[in-house]
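Have a look at the structure below before the remarks.
This chain uses plain numbering: 1 for the first residue, then up along the sequence. Predicted, not measured: the structure shown is a model, and the values here were computed from it.
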Amino acid sequence: MKIKFIATGKMQSTELLHLTDFYAKRIKPYIPFESITVPAARHTQTQKALQEEYTAQKKHVSPGDMLILLDETGTAYTSVAFAKTIRSWQDTGTKQVVFITGGAYGFHPDAYGMAHAKIRLSDMTFPHELVRVLFLEQLYRAFTIMHNQPYHH
């Protein structure tokens, strides 16, 4: 299985960029991993912004990919449950999982239609840059859990 992470919008904080790179490097020994950034929309009109971002995001999603949106309306997981979910995807022969963070206005309705699932990181709202760090840390944690490594404790 491969994992692709598509983030919407450029990182402004060099500190958070270093953290995303840190966790991305830690994930790669466990699984083929690719991180892609697509530009945030320049439109101020919500529907045009959503369409622009969706067009950029879907270029990186192939037929057969399992698409997971990081969305405030998604399912919340514990770290252990998330690890078990990833393991089940591996066990059922999933070729590639694509996780996507939306832009400031969320996702285009067509993205929701394409998605296999939605994951919520918290009941709280976080800046998109921080969501990248939190998600990549949880992805790394999931692999350490699956490999019985002490990081989780």
Atom [atom1] of [X] and atom [atom2] of [Y]: how far apart are they, to the nearest 0.5 Å?
X: M1; Y: Q90; atom1: CE; atom2: CD; result: 4.5 Å
X: S35; Y: K28; atom1: OG; atom2: NZ; result: 8.0 Å
X: Q45; Y: Q51; atom1: CD; atom2: CD; result: 11.5 Å
X: K58; Y: E53; atom1: NZ; atom2: CD; result: 13.5 Å
X: L134; Y: S122; atom1: CG; atom2: OG; result: 8.5 Å
X: I100; Y: K118; atom1: CD1; atom2: NZ; result: 14.0 Å

Sorted by first residue and then second, give each salt bridge (charged side-chain N to carboxylate O under 4.0 Å, His left out) pair with at least one member in residues 131-147; sequence neighbours left out. E137-R141
Pairs touching residues 1-13 that satisfy salt bridge (charged side-chain N to carboxylate O under 4.0 Å, His left out), sequence neighbours left out: none
Grab the two heavy atoms, one from A142 and one from A83, that are nearest each other, plus how far apart they are. O-CB, 3.5 Å
Heavy atoms of Q138 and S79 approach each other most closely as OE1-OG, 2.6 Å
According to a 4.5 Å side-chain heavy-atom criterion applied to Ile, Leu, Val, Met, Phe, Trp and Tyr, with indirect links allowed, do [X] and [Y] form part of one hydrophobic cluster?
X: I31; Y: F99; answer: yes
X: L69; Y: L50; answer: no
X: V97; Y: V131; answer: yes

I'd like to check the ring-ring contact (aromatic ring centres under 6.0 Å, His included) partners of [X]; sequence neighbours left out, ordered by chain and number.
X: F126; value: none
X: Y140; value: Y151
X: Y112; value: F107

Got a sec, which residues hit salt bridge (charged side-chain N to carboxylate O under 4.0 Å, His left out) with D91, two or more places apart in sequence or on another chain? none
May I ask you to test the [X]-[Y] pair for a side-chain heavy-atom distance under 4.5 Å?
X: T8; Y: H128; value: no
X: T85; Y: I119; value: no
X: V38; Y: K59; value: no
X: Y30; Y: T144; value: yes
X: F5; Y: L70; value: yes
X: W89; Y: I3; value: no
X: L139; Y: Y23; value: no
X: V61; Y: I6; value: yes

Can you list the steps and then say if E72 with T125 is a side chain to side chain donor-acceptor pair (under 3.5 Å)? CA-CA 8 Å; E72 64 186 6; T125 301; 4.5 Å; no
Just to verify, what does [X] make a side chain to side chain contact (heavy atoms under 4.5 Å, CB included) with, not counting sequence neighbours?
X: L16; result: M11, S13, L19, E129, L130, V133
X: T92; result: T94
X: A24; result: F33

Is a side-chain donor or acceptor of H116 paired with a backbone partner of I68 at a separation under 3.5 angstrom? no
Keeping the roles fixed (side chain from D65, backbone from L67), state whether a donor-acceptor pair exists under 3.5 Å. no
Test of understanding: with side chain to side chain donor-acceptor pair (under 3.5 Å), list the residues that count as partners of T46, not counting sequence neighbours. none
Please check if the number of heavy atoms outside K84 that lie under 6.0 Å from its NZ is greater than 12. no
Checking one residue: V80. Which other hydrophobic residues are in its cluster under the side-chain 4.5 Å linking rule? I145
Pair listing, ring pair (Phe, Tyr, Trp, His ring centres under 6.0 Å) test, anchored in residues 54-86, at least two apart: Y54-H108
